Amino acid sequence: TDKMKLRSFKLLKILTILANGETFGNIDKFDATEPIYIQNANELEKLSLMEVITTTKILSKVMGNSTQEVKILRAPRQIRDYVNTLITENERDTILKCACDLYFGNKWRLGEIKNIYSSSSLFGSSKFFNVDNCHLITNSIMANAIRNNLDYEIERAASLAINFCTHVLNSKDYKNAISTSEEIYNWLKPTNFNRLKAINAMLYGKALRMTGNGERSNQIFKESLEIEQGNFSNNEKNSIYVELGFTYILQQKFDEATKCANAILETANPKGADAIQAKLIKAEAALKDTELLKRLKTLESEAKKAESTSLVNTISLKISNVVNDVKERELRLSKILASTGDEYNKVRAIIRKSLDAFTAGKAISSDELNLLNMSYSYLYIQRLDGLFKDCHKALWIYCSKDERVNDLLNLFKHSSLIWRISDDLDIEKKYYTELNEIMKNHTELAVTDPVNGANVSYYIRRKLEFESLPIPLVEV
């Protein structure tokens, strides 16, 4: 009917603005006054105006569970480009407001947002939101406010974006934190909202540091301190100095790191987490070997008294890097994995424990294997390069041991895509060569499902590009 076609067209407009796509379950709740039906999605798919993207975990089975799949409805780029020209400003405004209600809750106009992840866990939740859309929404709202040149609109839009950025940063979603804060950073540059500019720059710098962009994060942190001209609270200043201090340690700029630590100690609670981190920075800047190990254990005790689980785990991981006792190292990593919360350090711990075990020819538990698998999925999304490579290595060793060919193909496809994007072709070639050796024992590749078929096709394409040697494909 005409009414159904109009709703199908409305779905296409929604997917045009939510460019990263969304699940039907969330689209179904998008506008209660004009609900979208599954028939509308089916119609768009039949007309090739929409595609269904399936995402999965990396290992096919962990702890006996079948592969978890999420189906995302998405309009292709060329379709979105055309439909964008047909959307009126009123329609766009209505869709953006409905999207804000869906993602942020009904108090977003007051700058308050709900927990979009519906779980404090890094590793999934009962719901799925395509969070990548959120920064598209905040950016569009900010663009409208700047275009209207109304201070109250700019302040409201920036406050919403900064609250969202704070939320995703606290949830360890660094990729979306960078996307949002970078856009707001550019939008606010010509304005006089110095407090908002400084707070956003602080968030931007923290997200950059966590993704390994040390030089850029240092630049942004210094800029945030200059913008506020001393108007940051001591806690805010100290949080910046902590980030700067640890970055300088990685860059081996020990004098600069020590200056940051001393600045923290001037105002921080002597027994609080900030002061302990300052002393940790000074220790890493000045001490080595036995002296450093002794100091780290003292600071670990102080962190326990301060009841800072994250800091205790961080120091314990540092101790595990320098301790010679293999059993102590394993015990420390196991304690981190058994701790409450602090899932980022659990990611670091499970990767180290798995590499230690697999390298020594030992096994890990099914729970630990499940955590390693979920860690890969998290790191794949966040693009945390060093941890991602180590996590890939651990899973690769595990899958190679029993020649789990389908899992190796799936793992190779995902990691290969990341390394090609980052122009890290040497490591891709290394793992391709190892995979190719294993594939000599599996000359006929059976396509058992769409995901496996896509992995097989990807491997064959890369084989052709690397060696121009095809491999037989058998349909079953």
Side-chain angles (χ1 to χ4, degrees), residues 165-166 168-182 185 197-228 232-268 272-288 292 295-296 299 303 308 310-322 342 344-345 347-348 351 379 382-390 422:
C165 189
T166 302
V168 295
L169 186 62
N170 290 339
S171 300
K172 308 296 187 290
D173 185 351
Y174 304 115
K175 181 169 73 74
N176 277 299
I178 287 176
S179 298
T180 304
S181 56
E182 184 175 34
Y185 174 83
K197 285 197 284 188
I199 292 294
N200 181 70
M202 179 173 66
L203 298 173
Y204 186 23
K206 288 182 178 181
L208 285 168
R209 187 183 87 81
M210 292 305 298
T211 55
N213 295 299
E215 288 294 341
R216 179 62 173 157
S217 71
N218 286 355
Q219 177 188 344
I220 296 297
F221 279 135
K222 291 174 183 177
E223 188 175 316
S224 70
L225 290 168
E226 291 170 2
I227 291 172
E228 267 298 79
F232 272 134
S233 69
N234 286 334
N235 286 339
E236 289 169 336
K237 285 181 184 177
N238 287 342
S239 72
I240 292 174
Y241 286 132
V242 165
E243 302 282 349
L244 282 168
F246 283 124
T247 303
Y248 285 136
I249 290 294
L250 288 175
Q251 296 171 336
Q252 297 189 321
K253 297 178 180 179
F254 299 128
D255 289 343
E256 295 297 323
T258 301
K259 288 178 184 177
C260 290
N262 289 335
I264 296 167
L265 292 171
E266 287 179 7
T267 60
D274 284 345
I276 297 169
Q277 289 184 96
K279 287 183 276 187
L280 176 58
I281 291 168
K282 293 186 74 171
E284 290 192 297
L287 305 176
K288 291 181 180 180
L292 176 60
R295 183 57 172 156
L296 288 176
L299 294 174
S308 175
S310 176
L311 185 51
V312 170
N313 289 343
T314 296
I315 296 173
S316 188
L317 280 165
K318 291 179 180 294
I319 292 172
S320 73
N321 283 337
V322 296
D342 191 24
Y344 178 74
N345 274 329
V347 168
R348 299 169 68 195
I351 293 171
L379 296 169
Q382 295 301 322
R383 307 290 199 266
L384 305 185
D385 184 60
L387 285 174
F388 176 77
K389 287 177 181 175
D390 287 343
S422 59

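In this text the structure is predicted, and so the values were computed from the model without any measurement.
- Under the side chain to side chain contact (heavy atoms under 4.5 Å, CB included) criterion, Asn170 pairs with Thr166, sequence neighbours left out.
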What's the verdict on side-chain contact (heavy atoms from CB on, under 4.5 Å) for Glu223 and Lys197, showing C-alpha distance, side-chain angles and the deciding distance?
-> CA-CA 10 Å; Glu223 188 175 316; Lys197 285 197 284 188; over 6 Å; no

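- Each of Asn262, Leu299, Ile249 was compared with Lys282 under the side chain to side chain contact (heavy atoms under 4.5 Å, CB included) criterion, and only Asn262 meets it.
- The two atoms that bring Ile227 and Ala198 nearest to each other are CG2-CB, 4.0 Å, heavy atoms only.
- Scored by the side chain to side chain contact (heavy atoms under 4.5 Å, CB included) test, Leu317 finds Ser320, Leu333, Ile336, Asn345, Arg348, Ala349, Arg352 as partners (sequence neighbours excluded).
- Screening Ile178, Asp173, Asn176, Thr180 for a side chain to side chain contact (heavy atoms under 4.5 Å, CB included) with Cys165, the sole residue that qualifies is Thr180.
- Ser217 meets the side chain to side chain contact (heavy atoms under 4.5 Å, CB included) test with Leu208, Arg209, Phe221, Thr247; sequence neighbours excluded.
- The distance from the CD1 atom of Ile351 to the CG atom of Asp390 is 6.5 Å, given to the nearest 0.5 Å.
- For Lys389, the salt bridge (charged side-chain N to carboxylate O under 4.0 Å, His left out) partners at least two apart in sequence or on another chain are Asp385, Asp424.
- Looking only at side-chain heavy atoms (C-beta outward), Glu236 and Ile199 come within less than 4.5 Å of each other.
- Between Lys279 and Arg295 the shortest side-chain heavy-atom distance falls below 4.5 Å.
- Take Glu266 and apply the salt bridge (charged side-chain N to carboxylate O under 4.0 Å, His left out) test, not counting sequence neighbours, and it matches no residue.
- Contact annotation: the side chain of Lys318 approaches that of Leu280 to within less than 4.5 Å [non-hydrogen atoms, C-beta and beyond].
- Interatomic distance, Ser239 OG to Asn234 CG, rounded to the nearest 0.5 Å: 11.0 Å.
- Taking all atoms of both residues into account, the shortest heavy-atom contact from Ala257 to Gly245 is CB-O, 3.6 Å.
- The shortest heavy-atom contact between Glu284 and Phe246 is OE1-CE2, 3.9 Å.
- Annotation: side chain of Asn218 is in contact with side chain of Tyr248 (closest heavy-atom distance under 4.5 Å).
- Atom CD1 of Ile220 sits about 10.5 Å away from atom CG of Asn213, to the nearest 0.5 Å.
- Between Lys206 and Ser181 the shortest side-chain heavy-atom distance does not fall below 4.5 Å.
- Using a 4.5 Å heavy-atom cutoff, the side chains of Tyr344 and Leu384 are in contact.
- Of all non-hydrogen atoms in Asp274 and Ala268, the two that sit nearest each other are CB-CB, 4.0 Å.
- We find the CG-OG distance between Asn321 and Ser316 to be 10.0 Å, quoted to the nearest 0.5 Å.
- Here the side chain of Gln382 pairs a donor or acceptor atom with the backbone of Tyr174 at under 3.5 angstrom.
- Here the side chains of Ile240 and Ser224 are in contact, with some heavy-atom distance below 4.5 Å.
- The ring-ring contact (aromatic ring centres under 6.0 Å, His included) check on Tyr204 picks up Tyr185, with sequence neighbours excluded.
- Here the shortest heavy-atom pairing between Asn238 and Ile264 reads OD1-CA, 3.5 Å.
- In this structure, Thr314 and Gln277 have side chains that are not in contact, with every pair of non-hydrogen atoms separated by 4.5 Å or more.
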Exercise for review: Quick one: do Val347 and Lys172 satisfy side-chain contact (heavy atoms from CB on, under 4.5 Å)? Show the steps, please.
Suggested key: CA-CA 12 Å; Val347 168; Lys172 308 296 187 290; over 6 Å; no

